[in-house]
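Structure first, commentary second.
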Amino acid sequence: MVQVCNKGMDFVLESIKAITRIHPHLKQIGNLPAIYNSQVGAEQIPILSGGGSGHEPAHFGYVGQGMLTAAISGPIFIPPCAADILEVIRFLNRGKGVFVIIKNFEADLKEFSQAIHVARAEGIPVKYVVAHDDISVETSNFKLRHRGVAGTILLHKILGQAAYQGASLDDLEALGLEVATSMATLGFATKPATILGDNHPMFQLEPGNISFGIGIHGEPGYRTVPFDSSEVLANELINKLKMKLKWQDGERFILLINNLGATSKMEELIFTNDVLDFLTLDELDIVFSKAGHLITSLDMAGLSITLCRLKEAIWLDYLEAPTDAFGW
């Protein structure tokens with residue numbers, strides 16, 4: 001079964017070899033496309049996440065103290081199969097159950113839900129949360145897409161630290177739901193992604209144009225316009241996020257600026273400065289901010305903004321707690 005599931009997994013398995021050689025406390029789980037933190041305590045509720053590869057440093061980069069216990073990857077932009085996910089759940093369970101963080105994509109939900117169903121039938125307590133922070137819209141009906149994108153990483157850090165500090169399975173479920181429903185993400189691309197070994201772009205975007213509302217699996221956005229300036233881009237995204245989150249002056253928020261892969265650091269910083277300027281004008285209290293490659297889309301050039309309302313002060317403590325997860 002593992003051989004069938006892992007067809008076309010050479011890229012992932014080679015990546016695992018490198019990661020486990022650079023970070024000796026991270027180990028591969030058997031022959032599976034999965035790694036775990038070998039230093040996690042048996043009393044802690046293990047947290048698992050994953051999805052298709054091509055989003056590095058997600059999800060392997062978030063395995064470590066105070067973040068994920070384990071991560072599993074499938075082929076590029078394709079989730080791991082249910083059989084492999086089930087094997088990882090079995091491996092992680094030490095009698096207290098396993099908590100799973102899933103990104104809201106149809107294929108991911110299918111594979112993870114099948115694995116969870118079988119694990120529960122075997123008597124393993126499993127609970128989960130679905131990341132659904134993307135507020136891009138479908139071009140056909142303008143309904144929110146609700147894909148799991150950069151905000152997923154906030155779930156990794158907040159829930160991971162909560163588990164490290166002794167949260168129960170029920171605690172993690174309640175916390176995950178509260179965090180997942182407090183955030184929103186929207187991004188843009190200046191260049192589409194290309195699959196490794198293939199020079200064909202995943203959607204058409206003429207040079208000098210911007211696609212608003214792209215997805216991390218190379219999906220095109222809802223609107224294409226000529227590039228004007230970083231300031232105009234920041235203003236467009238923040239206005240859409242404000243419509244969704246309906247913030248008031250003085251509210252406390254967490255900010256992530258995610259580099260989708262091939263945007264230069266200088267462009268990322270210029271955009272971040274513009275975003276912070278607009279949020280200051282709106283009199284938001286940004287209590288935590290982070291910018292960088294958090295969850296990418298291979299070589300896509302573009303950026304996204306995630307804003308999460310800080311409903312509980314302890315969330316900030318969880319975010320600021322140290323971790324040895326190399327992607328954070």
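Residues: numbered from 1 along the sequence shown.
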Applying salt bridge (charged side-chain N to carboxylate O under 4.0 Å, His left out), run through E122 and R90 and close with a yes or a no.
CA-CA 9 Å; E122 294 178 355; R90 289 168 174 161; 2.5 Å; yes
Working to the nearest 0.5 angstrom, can you tell me the gap between F105 CZ and L109 CG?
9.5 Å
Salt bridge present between D299 and K191 (N-O < 4.0 angstrom):
yes
I'd like to know if the side chain of S297 and the backbone of M300 have a donor-acceptor N/O pair within less than 3.5 Å.
no
Flag if over 12 foreign heavy atoms under 6.0 Å of OH, Y128:
no
Close side-chain approach of E43 to K96, heavy-atom, < 4.5 Å
yes
Distance-only polar pair, side chains of K103 and H55, donor-acceptor under 3.5 Å
no
Step by step, would you call Q248 with E283 a side-chain contact (heavy atoms from CB on, under 4.5 Å)?
CA-CA 8 Å; Q248 303 296 319; E283 298 187 18; over 6 Å; no
Side-chain heavy atoms of L307 within contact of I254, under 4.5 Å:
no
We want to know whether R309 and S182 form a side-chain donor-acceptor pair, criterion being a heavy-atom distance below 3.5 angstrom.
no
Short question: side chain of N104, backbone of H146 - any donor-acceptor pair under 3.5 Å?
yes
Applying a strict under-4.5 Å side-chain criterion to I, L, V, M, F, W and Y, I'd like to know whether F271 and F227 cluster together.
yes
In Å, rounded to the nearest 0.5 Å, how long is the span from CG of L319 to CD of Q161?
9.5 Å
Would you call I216 and T296 a side-chain contact if the rule is heavy atoms closer than 4.5 Å?
no
Can you see whether W315 has K157 sitting over its ring - NZ or CZ less than 6.0 Å from the centre and within 45° of the normal?
no
Check whether I314 and I158 end up in the same hydrophobic cluster, where Ile, Leu, Val, Met, Phe, Trp and Tyr are linked by side-chain heavy atoms less than 4.5 Å apart.
yes
If we ignore hydrogens and angles and just use 3.5 Å, is the side chain of N259 paired with the main-chain N or O of H293 as donor and acceptor?
no
Within the structure provided, determine whether Y36 and L48 are in side-chain contact (heavy-atom separation under 4.5 Å).
no
Applying a strict under-4.5 Å side-chain criterion to I, L, V, M, F, W and Y, I'd like to know whether V232 and I270 cluster together.
no
Closest heavy-atom pair and its distance - V88, A70:
CG1-CB, 4.4 Å
Which heavy-atom pair separates L316 from V287 by the least distance, and what is that distance?
CD1-O, 3.8 Å
Looking at K290 and W328, would you say the former's side chain and the latter's main chain have a donor-acceptor pair under 3.5 Å?
yes
Does atom NE2 of H25 have more than 12 heavy-atom neighbours from other groups under 6.0 Å away?
yes
Within a strict 4.5 Å, meaning less than it, do heavy atoms of the D170 and K127 side chains meet?
yes
Donor-acceptor under 3.5 Å (D133 side chain, V149 main chain):
yes
What I want to find out is whether R145 reaches E219 closely enough, with some N-O distance under 4.0 Å, to be called a salt bridge.
no
I45, V40: one ILVMFWY side-chain cluster at the under-4.5 Å cut-off?
no
So, for D108 and G50, which heavy atoms are closest and what is the spacing to 0.1 Å?
OD2-O, 4.3 Å
Nearest-0.5 Å distance, CG of residue L303 to CD of residue E267:
8.0 Å
Decide whether L13 and L26 are clustered together by the hydrophobic rule: side chain heavy atoms of Ile, Leu, Val, Met, Phe, Trp, Tyr closer than 4.5 Å, transitively.
yes
Rounded to the nearest 0.5 Å, the CG atom of L298 sits from the NE2 atom of H217 at a distance of 10.0 Å
Hey, is the main chain of S304 close enough, under 3.5 Å, to the side chain of N258 for a donor-acceptor pair?
no
Exercise: identify the closest heavy-atom pair between Y62 and P57
OH-CG, 3.5 Å
Do we see a donor-acceptor contact under 3.5 Å between the side chains of T185 and D134?
no
Can you classify the ring geometry of F253 versus W247 as parallel (below 30°), tilted (30 to 60°) or perpendicular (above 60°)?
perpendicular
Are D274 and L276 close enough, and set up right, to give a side-chain contact (heavy atoms from CB on, under 4.5 Å), and what steps lead you there?
CA-CA 5 Å; D274 289 332; L276 288 168; over 6 Å; no
Going from OG1 on T190 to CG on L260, what distance comes out if it is rounded to the nearest 0.5 angstrom?
9.0 Å
Side chain of T263, backbone of G302: donor and acceptor closer than 3.5 Å?
yes
Any donor-acceptor pair under 3.5 Å linking the side chain of N37 with the backbone of T69?
no
Is it true that atom CD of E231 has more than 12 heavy atoms of other residues, nucleotides or ligands lying nearer than 6.0 Å?
no
Taking C-beta and beyond as the side chain, do S211 and F188 meet within less than 4.5 Å on heavy atoms?
no
Heavy atoms from other residues, nucleotides or ligands near NZ of K17 exceed 12 (cutoff 6.0 Å)
no
Does G213 offer a backbone N or O that forms a donor-acceptor pair with the side chain of S136 under 3.5 Å?
yes
Atom of F99, atom of L159 and distance for their closest heavy-atom approach:
CE2-CD1, 3.7 Å
Within this structure, what is the CG-CD1 distance for the pair L68 and I101, rounded to the nearest 0.5 Å?
5.5 Å
Quick one: sort the F326 and H23 rings into parallel, tilted or perpendicular, breaks at 30° and 60°.
parallel
For residues I16 and F11, determine if any side-chain heavy atom of one lies less than 4.5 Å from a side-chain heavy atom of the other.
no
Would you please say whether a donor-acceptor pair under 3.5 Å links the side chains of T224 and N209?
no
If we check side chain to side chain contact (heavy atoms under 4.5 Å, CB included) with V118, which of these qualifies: I85, L86, I89, V126?
L86
L255 and F288: CA distance, side-chain angles, deciding distance, side-chain contact (heavy atoms from CB on, under 4.5 Å) verdict
CA-CA 6 Å; L255 169 69; F288 181 92; over 6 Å; no
Contacts of F203 meeting ring pair (Phe, Tyr, Trp, His ring centres under 6.0 Å) (sequence neighbours excluded), chain-then-number -> none
Do H156 and S49 have side-chain N/O donor and acceptor atoms under 3.5 Å apart?
yes
Under-4.0 Å salt bridge between E236 and K240:
yes
Hey, are the side chains of D282 and K242 touching, using non-hydrogen atoms and a 4.5 Å cut-off?
yes
Between T306 and A150 the two heavy atoms that sit nearest each other are OG1-CB, 3.5 Å
side-chain contact (heavy atoms from CB on, under 4.5 Å) evaluation trace for Y318 with L175:
CA-CA 12 Å; Y318 292 155; L175 177 60; 4.1 Å; yes
